[in-house]
Peer 1: 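Submitted below is the structure of interest, expressed as C-alpha coordinates.
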Amino acid sequence: MPELPEVEVIKDGLRRKLRNRTIKGVDILFKGSIKNLSPPVFGKRMLGRKFEDVSRRGKFLIFSLDNGSFLIIHLRMTGQLTYCPSNEEADKYLCLKFILDNGYQLRFMDMRRFGVVYLVKKLEEITTLANLGPEPLESNFTALSLEEILKGQKKKVKIVLMDQNLIAGIGNIYATEALYQAKINPERKANQLTEAEVKELHRAIRDILQRSISARGTSTDNYRDAEGKKGNFQYQLQVYQRGGEPCSRCGAKISQIKISGRSTYFCPSCQK
DNA sequence: AATCGTTCCTGATAGC
DNA sequence: TGCTATCAGGAACGAT
(Lines give C-alpha, C1' and ligand atoms only; values in the text may rest on other atoms or scores of the structure.)
Protein backbone atom coordinates (compact mmCIF):
# COMPACT_ATOMS: atom_id res chain seq x y z
CA MET A 1 0.00 0.00 0.00
CA PRO A 2 1.35 3.42 -0.82
CA GLU A 3 2.71 5.26 2.21
CA LEU A 4 4.97 8.30 2.36
CA PRO A 5 7.93 6.83 0.40
CA GLU A 6 5.78 5.42 -2.38
CA VAL A 7 3.79 8.64 -2.77
CA GLU A 8 7.04 10.60 -2.78
CA VAL A 9 8.43 8.44 -5.60
CA ILE A 10 5.24 8.84 -7.62
CA LYS A 11 5.29 12.60 -7.03
CA ASP A 12 8.88 12.89 -8.28
CA GLY A 13 8.05 10.75 -11.28
CA LEU A 14 5.03 12.80 -12.28
CA ARG A 15 6.39 16.23 -11.52
CA ARG A 16 8.77 16.59 -14.45
CA LYS A 17 6.36 14.91 -16.84
CA LEU A 18 3.22 16.89 -16.02
CA ARG A 19 4.58 20.40 -15.68
CA ASN A 20 3.01 22.68 -18.29
CA ARG A 21 0.93 19.87 -19.77
CA THR A 22 -2.62 20.84 -20.69
CA ILE A 23 -5.59 18.50 -20.20
CA LYS A 24 -7.32 17.86 -23.52
CA GLY A 25 -9.76 15.25 -22.30
CA VAL A 26 -11.13 13.69 -19.11
CA ASP A 27 -12.50 10.17 -19.01
CA ILE A 28 -14.23 9.02 -15.83
CA LEU A 29 -14.61 5.23 -15.80
CA PHE A 30 -15.50 4.84 -12.13
CA LYS A 31 -17.58 7.71 -10.81
CA GLY A 32 -17.15 6.69 -7.19
CA SER A 33 -13.52 7.83 -7.12
CA ILE A 34 -14.53 11.49 -7.32
CA LYS A 35 -15.60 12.58 -3.90
CA ASN A 36 -16.46 16.24 -3.70
CA LEU A 37 -18.05 17.01 -7.07
CA SER A 38 -20.42 15.34 -9.45
CA PRO A 39 -18.42 13.60 -12.19
CA PRO A 40 -19.70 15.90 -15.00
CA VAL A 41 -18.76 19.03 -13.05
CA PHE A 42 -15.37 17.52 -12.25
CA GLY A 43 -14.77 16.73 -15.92
CA LYS A 44 -15.87 20.16 -17.07
CA ARG A 45 -13.63 21.93 -14.56
CA MET A 46 -10.56 19.81 -15.32
CA LEU A 47 -10.86 20.21 -19.07
CA GLY A 48 -8.40 22.76 -20.45
CA ARG A 49 -6.47 23.09 -17.18
CA LYS A 50 -2.71 23.08 -17.19
CA PHE A 51 -0.60 21.29 -14.55
CA GLU A 52 1.77 23.68 -12.83
CA ASP A 53 3.29 21.48 -10.15
CA VAL A 54 2.95 18.22 -8.23
CA SER A 55 3.65 17.95 -4.51
CA ARG A 56 3.06 15.56 -1.63
CA ARG A 57 1.67 16.03 1.88
CA GLY A 58 1.49 12.87 3.98
CA LYS A 59 0.05 10.27 1.63
CA PHE A 60 -1.78 12.87 -0.47
CA LEU A 61 -0.70 13.92 -3.95
CA ILE A 62 -1.43 17.55 -4.73
CA PHE A 63 -1.56 18.78 -8.33
CA SER A 64 -1.50 22.58 -8.66
CA LEU A 65 -3.48 23.79 -11.66
CA ASP A 66 -3.13 26.98 -13.67
CA ASN A 67 -6.35 28.55 -12.38
CA GLY A 68 -5.25 28.25 -8.76
CA SER A 69 -7.30 25.14 -8.00
CA PHE A 70 -5.92 21.78 -6.85
CA LEU A 71 -6.46 18.20 -7.91
CA ILE A 72 -5.95 16.02 -4.85
CA ILE A 73 -5.53 12.25 -4.96
CA HIS A 74 -5.15 9.74 -2.13
CA LEU A 75 -4.28 6.24 -3.36
CA ARG A 76 -5.37 4.45 -0.17
CA MET A 77 -4.76 0.71 -0.54
CA THR A 78 -4.40 -0.16 -4.19
CA GLY A 79 -4.46 3.08 -6.16
CA GLN A 80 -1.92 3.58 -8.93
CA LEU A 81 -1.08 6.68 -10.96
CA THR A 82 0.86 6.35 -14.17
CA TYR A 83 1.99 8.59 -16.98
CA CYS A 84 1.95 6.60 -20.21
CA PRO A 85 1.51 6.93 -23.97
CA SER A 86 -2.12 7.19 -25.07
CA ASN A 87 -1.88 4.04 -27.18
CA GLU A 88 -0.80 1.86 -24.24
CA GLU A 89 -3.42 -0.74 -23.38
CA ALA A 90 -5.71 0.29 -20.52
CA ASP A 91 -5.58 -1.51 -17.20
CA LYS A 92 -8.67 -3.48 -16.14
CA TYR A 93 -8.97 -1.26 -13.05
CA LEU A 94 -8.76 2.11 -14.78
CA CYS A 95 -10.95 4.59 -12.88
CA LEU A 96 -9.97 7.95 -14.34
CA LYS A 97 -7.79 9.24 -17.11
CA PHE A 98 -6.60 12.63 -18.26
CA ILE A 99 -5.67 12.97 -21.91
CA LEU A 100 -2.72 15.33 -22.23
CA ASP A 101 -1.60 17.60 -25.08
CA ASN A 102 1.49 15.56 -25.95
CA GLY A 103 0.12 12.12 -26.77
CA TYR A 104 0.42 10.91 -23.18
CA GLN A 105 -2.15 10.26 -20.46
CA LEU A 106 -2.27 10.44 -16.69
CA ARG A 107 -4.14 7.34 -15.52
CA PHE A 108 -5.61 6.51 -12.13
CA MET A 109 -6.17 2.80 -11.55
CA ASP A 110 -7.57 1.23 -8.39
CA MET A 111 -8.38 -2.44 -7.94
CA ARG A 112 -10.20 -2.09 -4.62
CA ARG A 113 -11.58 1.34 -5.45
CA PHE A 114 -10.77 2.86 -2.05
CA GLY A 115 -8.78 5.71 -3.59
CA VAL A 116 -10.22 9.22 -3.54
CA VAL A 117 -10.01 12.17 -5.93
CA TYR A 118 -10.96 15.78 -5.16
CA LEU A 119 -10.89 19.02 -7.10
CA VAL A 120 -10.83 22.05 -4.79
CA LYS A 121 -10.24 25.77 -4.95
CA LYS A 122 -8.45 25.80 -1.61
CA LEU A 123 -6.48 23.04 0.12
CA GLU A 124 -8.24 23.77 3.42
CA GLU A 125 -11.43 22.33 1.96
CA ILE A 126 -10.00 18.87 2.60
CA THR A 127 -10.04 18.68 6.38
CA THR A 128 -7.98 15.50 6.65
CA LEU A 129 -5.28 17.21 4.61
CA ALA A 130 -5.48 20.36 6.68
CA ASN A 131 -5.26 18.36 9.92
CA LEU A 132 -2.20 16.31 9.03
CA GLY A 133 0.63 16.12 11.54
CA PRO A 134 4.24 17.08 10.73
CA GLU A 135 6.21 15.64 7.82
CA PRO A 136 8.64 13.16 9.38
CA LEU A 137 11.39 13.84 6.84
CA GLU A 138 11.39 17.60 7.24
CA SER A 139 14.16 19.11 9.34
CA ASN A 140 11.71 20.57 11.86
CA PHE A 141 10.64 17.04 12.83
CA THR A 142 13.17 16.49 15.58
CA ALA A 143 13.53 13.90 18.32
CA LEU A 144 12.08 16.53 20.61
CA SER A 145 8.98 17.00 18.44
CA LEU A 146 8.45 13.23 18.43
CA GLU A 147 8.82 13.23 22.21
CA GLU A 148 6.15 15.94 22.49
CA ILE A 149 3.80 13.91 20.30
CA LEU A 150 4.30 10.63 22.15
CA LYS A 151 4.15 12.21 25.61
CA GLY A 152 0.50 13.15 25.15
CA GLN A 153 -0.61 9.74 23.95
CA LYS A 154 -1.77 6.85 26.10
CA LYS A 155 -2.33 4.58 23.11
CA LYS A 156 0.05 1.94 21.81
CA VAL A 157 3.06 3.47 20.12
CA LYS A 158 2.30 1.80 16.80
CA ILE A 159 -1.19 3.32 16.73
CA VAL A 160 0.30 6.74 17.37
CA LEU A 161 2.86 6.40 14.58
CA MET A 162 0.09 5.56 12.13
CA ASP A 163 -2.20 8.40 13.22
CA GLN A 164 -2.09 10.89 10.34
CA ASN A 165 -3.19 13.73 12.59
CA LEU A 166 -0.08 13.24 14.73
CA ILE A 167 2.57 12.34 12.11
CA ALA A 168 1.90 12.41 8.37
CA GLY A 169 2.60 9.59 5.95
CA ILE A 170 3.46 6.55 8.09
CA GLY A 171 1.30 3.46 7.57
CA ASN A 172 1.45 -0.17 8.62
CA ILE A 173 4.65 -1.14 6.83
CA TYR A 174 6.87 1.69 8.04
CA ALA A 175 5.46 1.84 11.57
CA THR A 176 6.21 -1.88 11.87
CA GLU A 177 9.71 -1.62 10.44
CA ALA A 178 10.70 1.53 12.36
CA LEU A 179 9.70 -0.08 15.67
CA TYR A 180 11.77 -3.13 14.81
CA GLN A 181 14.80 -1.02 13.94
CA ALA A 182 14.40 0.97 17.18
CA LYS A 183 13.94 -2.28 19.16
CA ILE A 184 10.64 -1.12 20.63
CA ASN A 185 7.67 -3.44 21.14
CA PRO A 186 4.69 -2.10 19.13
CA GLU A 187 2.33 -2.65 22.09
CA ARG A 188 4.22 -0.30 24.41
CA LYS A 189 2.24 2.77 25.47
CA ALA A 190 3.46 5.81 23.59
CA ASN A 191 3.88 7.95 26.69
CA GLN A 192 5.97 5.32 28.45
CA LEU A 193 8.97 5.28 26.12
CA THR A 194 12.25 6.50 27.60
CA GLU A 195 14.04 9.50 26.14
CA ALA A 196 16.67 7.22 24.64
CA GLU A 197 14.00 5.08 23.02
CA VAL A 198 12.30 8.13 21.52
CA LYS A 199 15.61 9.26 20.04
CA GLU A 200 16.19 5.81 18.59
CA LEU A 201 12.67 5.71 17.19
CA HIS A 202 13.04 9.15 15.64
CA ARG A 203 16.23 8.05 13.95
CA ALA A 204 14.66 4.78 12.79
CA ILE A 205 11.60 6.50 11.29
CA ARG A 206 13.70 8.87 9.23
CA ASP A 207 16.17 6.19 8.24
CA ILE A 208 13.51 3.71 7.11
CA LEU A 209 11.53 6.28 5.12
CA GLN A 210 14.65 7.67 3.47
CA ARG A 211 16.01 4.24 2.59
CA SER A 212 12.67 3.22 1.13
CA ILE A 213 12.55 6.31 -1.07
CA SER A 214 16.09 5.49 -2.25
CA ALA A 215 14.88 1.97 -3.10
CA ARG A 216 11.85 3.48 -4.88
CA GLY A 217 9.30 2.20 -2.37
CA THR A 218 7.87 -1.15 -1.24
CA SER A 219 6.05 -3.38 -3.73
CA THR A 220 4.89 -6.25 -1.51
CA ASP A 221 1.52 -5.81 -3.11
CA ASN A 222 0.52 -3.79 -6.12
CA TYR A 223 2.38 -0.53 -5.63
CA ARG A 224 3.87 0.79 -8.88
CA ASP A 225 5.68 4.05 -9.62
CA ALA A 226 4.58 6.64 -12.19
CA GLU A 227 6.10 4.51 -14.96
CA GLY A 228 4.36 1.36 -13.76
CA LYS A 229 7.54 -0.14 -12.26
CA LYS A 230 7.89 -1.94 -8.93
CA GLY A 231 9.91 -0.60 -6.04
CA ASN A 232 12.64 -2.60 -4.29
CA PHE A 233 12.33 -1.90 -0.58
CA GLN A 234 10.39 -5.14 0.00
CA TYR A 235 13.78 -6.88 -0.13
CA GLN A 236 14.95 -4.82 2.83
CA LEU A 237 11.94 -5.43 5.08
CA GLN A 238 13.05 -7.07 8.32
CA VAL A 239 9.77 -8.13 9.94
CA TYR A 240 6.79 -6.97 7.87
CA GLN A 241 5.01 -10.04 6.46
CA ARG A 242 7.73 -12.26 7.94
CA GLY A 243 5.78 -13.89 10.77
CA GLY A 244 7.35 -17.21 11.83
CA GLU A 245 10.70 -16.45 10.21
CA PRO A 246 13.84 -15.95 12.30
CA CYS A 247 14.75 -12.43 13.42
CA SER A 248 17.78 -11.21 11.51
CA ARG A 249 19.31 -9.82 14.73
CA CYS A 250 18.77 -12.61 17.26
CA GLY A 251 17.23 -15.56 15.42
CA ALA A 252 14.06 -15.66 17.54
CA LYS A 253 10.81 -16.39 15.73
CA ILE A 254 9.06 -13.24 14.49
CA SER A 255 5.58 -12.84 16.01
CA GLN A 256 2.48 -11.78 14.14
CA ILE A 257 -0.34 -10.13 16.09
CA LYS A 258 -3.20 -7.73 15.46
CA ILE A 259 -3.19 -4.19 16.78
CA SER A 260 -6.44 -2.37 16.07
CA GLY A 261 -7.20 -4.81 13.30
CA ARG A 262 -3.86 -4.34 11.55
CA SER A 263 -1.33 -7.11 11.11
CA THR A 264 1.72 -6.32 13.19
CA TYR A 265 5.05 -8.11 13.12
CA PHE A 266 7.81 -7.91 15.72
CA CYS A 267 10.61 -9.83 17.36
CA PRO A 268 9.45 -10.82 20.85
CA SER A 269 13.05 -11.25 21.94
CA CYS A 270 14.70 -7.99 20.89
CA GLN A 271 11.78 -5.54 20.81
CA LYS A 272 11.22 -4.67 24.46
C1' DA B 1 -13.89 12.19 25.20
C1' DA B 2 -11.90 8.16 23.81
C1' DT B 3 -12.12 3.85 21.74
C1' DC B 4 -14.21 0.25 19.20
C1' DG B 5 -16.52 -1.76 15.16
C1' DT B 6 -18.20 -1.23 10.46
C1' DT B 7 -17.88 0.19 5.88
C1' DC B 8 -15.95 0.58 1.32
C1' DC B 9 -13.87 -3.24 -2.42
C1' DT B 10 -11.82 -7.27 -4.87
C1' DG B 11 -8.15 -10.71 -5.26
C1' DA B 12 -5.57 -14.31 -2.95
C1' DT B 13 -5.71 -18.08 -0.22
C1' DA B 14 -7.44 -21.71 2.89
C1' DG B 15 -10.50 -25.29 3.84
C1' DC B 16 -13.80 -28.71 2.68
C1' DT C 1 -12.42 -29.37 -9.19
C1' DG C 2 -15.10 -25.99 -7.49
C1' DC C 3 -17.37 -23.88 -4.11
C1' DT C 4 -17.58 -20.72 0.07
C1' DA C 5 -15.41 -18.25 3.86
C1' DT C 6 -11.87 -15.45 5.47
C1' DC C 7 -8.41 -12.07 5.19
C1' DA C 8 -5.84 -7.89 3.62
C1' DG C 9 -6.27 -2.65 5.07
C1' DG C 10 -6.55 3.71 5.15
C1' DA C 11 -9.55 6.46 6.77
C1' DA C 12 -14.42 8.07 7.51
C1' DC C 13 -18.13 7.31 10.15
C1' DG C 14 -21.33 5.44 13.53
C1' DA C 15 -21.83 3.24 17.92
C1' DT C 16 -20.71 2.50 22.68
Side-chain angles (χ1 to χ4, degrees), chain A residues 1-8 10-11 28-37 39 56-62 72-81 90-96 108-118 120 123-133 135-136 149-179 186-192 209 212 217-224 230 234 237 239-244 254-266:
Chain A
M1 62 236 70
E3 304 180 24
L4 187 153
E6 291 75 30
V7 181
E8 180 72 12
I10 292 171
K11 181 263 286 177
I28 301 166
L29 295 103
F30 174 62
K31 295 178 169 68
S33 298
I34 296 154
K35 292 298 174 183
N36 70 325
L37 293 174
R56 179 194 61 73
R57 179 78 173 91
K59 303 176 199 171
F60 286 89
L61 281 158
I62 302 170
I72 296 172
I73 299 181
H74 193 304
L75 300 171
R76 294 280 179 94
M77 306 296 302
T78 54
Q80 301 176 344
L81 266 180
D91 186 281
K92 181 179 167 189
Y93 306 109
L94 186 62
C95 292
L96 173 64
F108 171 58
M109 283 86 67
D110 193 358
M111 185 179 80
R112 290 184 203 168
R113 311 213 282 197
F114 284 4
V116 292
V117 177
Y118 304 89
V120 295
L123 293 178
E124 302 82 69
E125 289 176 48
I126 311 294
T127 49
T128 50
L129 179 60
N131 292 335
L132 285 176
E135 283 292 326
I149 290 165
L150 298 180
K151 210 159 63 177
Q153 298 295 327
K154 287 178 268 186
K155 288 173 277 187
K156 292 173 182 176
V157 59
K158 186 188 176 221
I159 300 289
V160 173
L161 293 184
M162 290 172 62
D163 186 335
Q164 303 302 299
N165 298 313
L166 299 174
I167 306 169
I170 299 175
N172 203 24
I173 296 174
Y174 299 106
T176 298
E177 290 292 315
L179 287 164
E187 298 207 273
R188 291 272 299 283
K189 303 289 182 200
N191 60 4
Q192 287 174 8
L209 295 175
S212 179
T218 301
S219 293
T220 49
D221 214 334
N222 65 349
Y223 160 70
R224 297 292 183 276
K230 287 188 179 192
Q234 61 274 22
L237 296 175
V239 284
Y240 185 77
Q241 290 187 343
R242 291 185 175 276
I254 294 165
S255 298
Q256 174 174 357
I257 59 169
K258 289 260 186 193
I259 296 181
S260 243
R262 311 267 182 274
S263 296
T264 303
Y265 307 84
F266 68 101

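Residue numbering restarts at 1 for every chain, and letters A, B, ... go by the order of the sequence lines.
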Peer 1: Answer yes or no: does a side-chain N or O of Y93(A) lie under 4.0 Å from OP1 or OP2 of dC9(B)?
Peer 2: no
Peer 1: If only atom types and distance count, is the side chain of Q80(A) paired as donor or acceptor with the main-chain N or O of N222(A) below 3.5 Å?
Peer 2: yes
Peer 1: Check the phosphate of dG11(B) against K92(A), side-chain N and O only, distance under 4.0 Å to OP1 or OP2. Yes or no?
Peer 2: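 Indeed, a polar side-chain atom of K92(A) lies that close.
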Peer 1: Taking only the side-chain heavy atoms of M77(A) (C-beta and beyond), determine which of dT3(B), dG10(C), dT10(B) contains the nearest atom.
Peer 2: dG10(C)
Peer 1: Mark yes or no for whether N191(A), through its side chain, and G152(A), through its backbone, hold a donor-acceptor pair below 3.5 Å.
Peer 2: no
Peer 1: Rounded to the nearest Å, what distance is computed from the CZ atom of residue R112(A) to the P atom of nucleotide dA11(C)?
Peer 2: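 Atom-to-atom, R112(A) to dA11(C), this comes out as 15 Å.
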Peer 1: Send over the distance from L166(A) CG to dA11(C) C1', rounded to a whole Å.
Peer 2: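 From L166(A) CG to dA11(C) C1': 14 Å.
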Peer 1: 5'-most contact on DNA chain B: R262(A) or F114(A), nearest heavy atom basis?
Peer 2: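 Result: R262(A).
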Peer 1: How sharply is the helix from dA2(B)-dT16(C) to dC16(B)-dG2(C) bent, taking the axes over five pairs at either end and rounding to 10 degrees?
Peer 2: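 The two end axes of the helix from dA2(B)-dT16(C) to dC16(B)-dG2(C) meet at 60°.
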Peer 1: Using atom types as modelled and distance alone, determine if a side-chain donor or acceptor of R242(A) lies under 3.5 Å from a backbone N or O of L237(A).
Peer 2: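 Looks like yes, one N/O pair under 3.5 Å.
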Peer 1: Check this for me, if you would: do R56(A) and E135(A) make a salt bridge, where the nitrogen-to-carboxylate-oxygen distance has to be below 4.0 angstrom?
Peer 2: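 Salt bridge between R56(A) and E135(A), a charged N being under 4.0 Å from a carboxylate O: yes.
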Peer 1: For a quick check of understanding: with a heavy-atom distance under 4.0 Å over all strands, which category does R76(A) fall into, base, sugar-phosphate or nothing?
Peer 2: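 R76(A): base contact, heavy atoms under 4.0 Å.
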Peer 1: Between S255(A) and Y265(A), does any side-chain donor sit less than 3.5 Å from a side-chain acceptor?
Peer 2: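 S255(A) vs Y265(A): no donor-acceptor pair found between side chains.
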Peer 1: Report yes or no: does E177(A) contribute a side-chain atom to a donor-acceptor pair with the main-chain N or O of Y240(A) at less than 3.5 Å?
Peer 2: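 Yes.
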Peer 1: Counting just side-chain N and O atoms, does K59(A) come under 4.0 Å of either OP1 or OP2 of dA11(C)?
Peer 2: yes
Peer 1: Please determine whether a side-chain nitrogen or oxygen atom of Q164(A) lies at a distance below 4.0 Å from atom OP1 or OP2 of dG10(C).
Peer 2: no
Peer 1: Among R262(A), K158(A), E3(A), find the one that has a side-chain hydrogen bond (donor to acceptor under 3.5 Å, both in side chains) with N172(A).
Peer 2: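 Filter result, single survivor: K158(A).
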Peer 1: May I ask you to say what K154(A) touches in the nucleic acid, namely base, sugar-phosphate or nothing, with a heavy-atom cut-off under 4.0 Å?
Peer 2: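 Here K154(A) touches no strand at all.
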Peer 1: Pick base, sugar-phosphate or nothing for S263(A), based on heavy-atom distances below 4.0 Å to the nucleic acid.
Peer 2: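 Sugar-phosphate only.
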Peer 1: In this structure, how many angstroms lie between the C1' atom of dG9(C) and the CZ atom of R113(A), rounded?
Peer 2: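 Going from R113(A) (CZ) to dG9(C) (C1'), I get 17 Å.
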Peer 1: Report which part of the nucleic acid D221(A) touches: base, sugar-phosphate, or nothing (heavy-atom distance under 4.0 Å, all strands).
Peer 2: nothing
Peer 1: Start with the C-alpha distance between L94(A) and F30(A), add both sets of side-chain angles, then the distance that settles side chain to side chain contact (heavy atoms under 4.5 Å, CB included), and finish with yes or no.
Peer 2: CA-CA 8 Å; L94(A) 186 62; F30(A) 174 62; over 6 Å; no
Peer 1: Is any side-chain N or O of H74(A) closer than 4.0 Å to OP1 or OP2 of dA11(C)?
Peer 2: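 So the side-chain polar atoms of H74(A) do come within 4.0 Å of the phosphate oxygens OP1 or OP2 of dA11(C), strictly under.
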Peer 1: What contact category does M1(A) fall into here, base, sugar-phosphate, or nothing, at under 4.0 angstrom with non-hydrogen atoms?
Peer 2: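 Sugar-phosphate contact only.
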Peer 1: Find the distance I170(A):CD1 to dG10(C):P and express it as a whole number of Å.
Peer 2: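 The distance from CD1 of I170(A) to P of dG10(C) comes to 13 Å, rounded to the nearest Å.
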Peer 1: Base, sugar-phosphate, or nothing for Y240(A), non-hydrogen atoms under 4.0 angstrom?
Peer 2: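 Here Y240(A) touches the backbone only, sparing every base.
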Peer 1: Rounded to whole angstrom units, what separation is found between the CG atom of N222(A) and the C1' atom of dC9(B)?
Peer 2: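 In whole Å, dC9(B) C1' and N222(A) CG are 12 Å from each other.
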Peer 1: For K35(A) and dT7(B), give me the distance from atom NZ to atom C1', rounded to whole Å.
Peer 2: 11 Å
Peer 1: Report the distance from atom OH of Y174(A) to atom P of dG9(C), rounded to the nearest whole Å.
Peer 2: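 After rounding, the gap between these two atoms is 14 Å.
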Peer 1: Between C1' on dG9(C) and CD on E6(A), what's the gap in Å once rounded to a whole number?
Peer 2: 14 Å
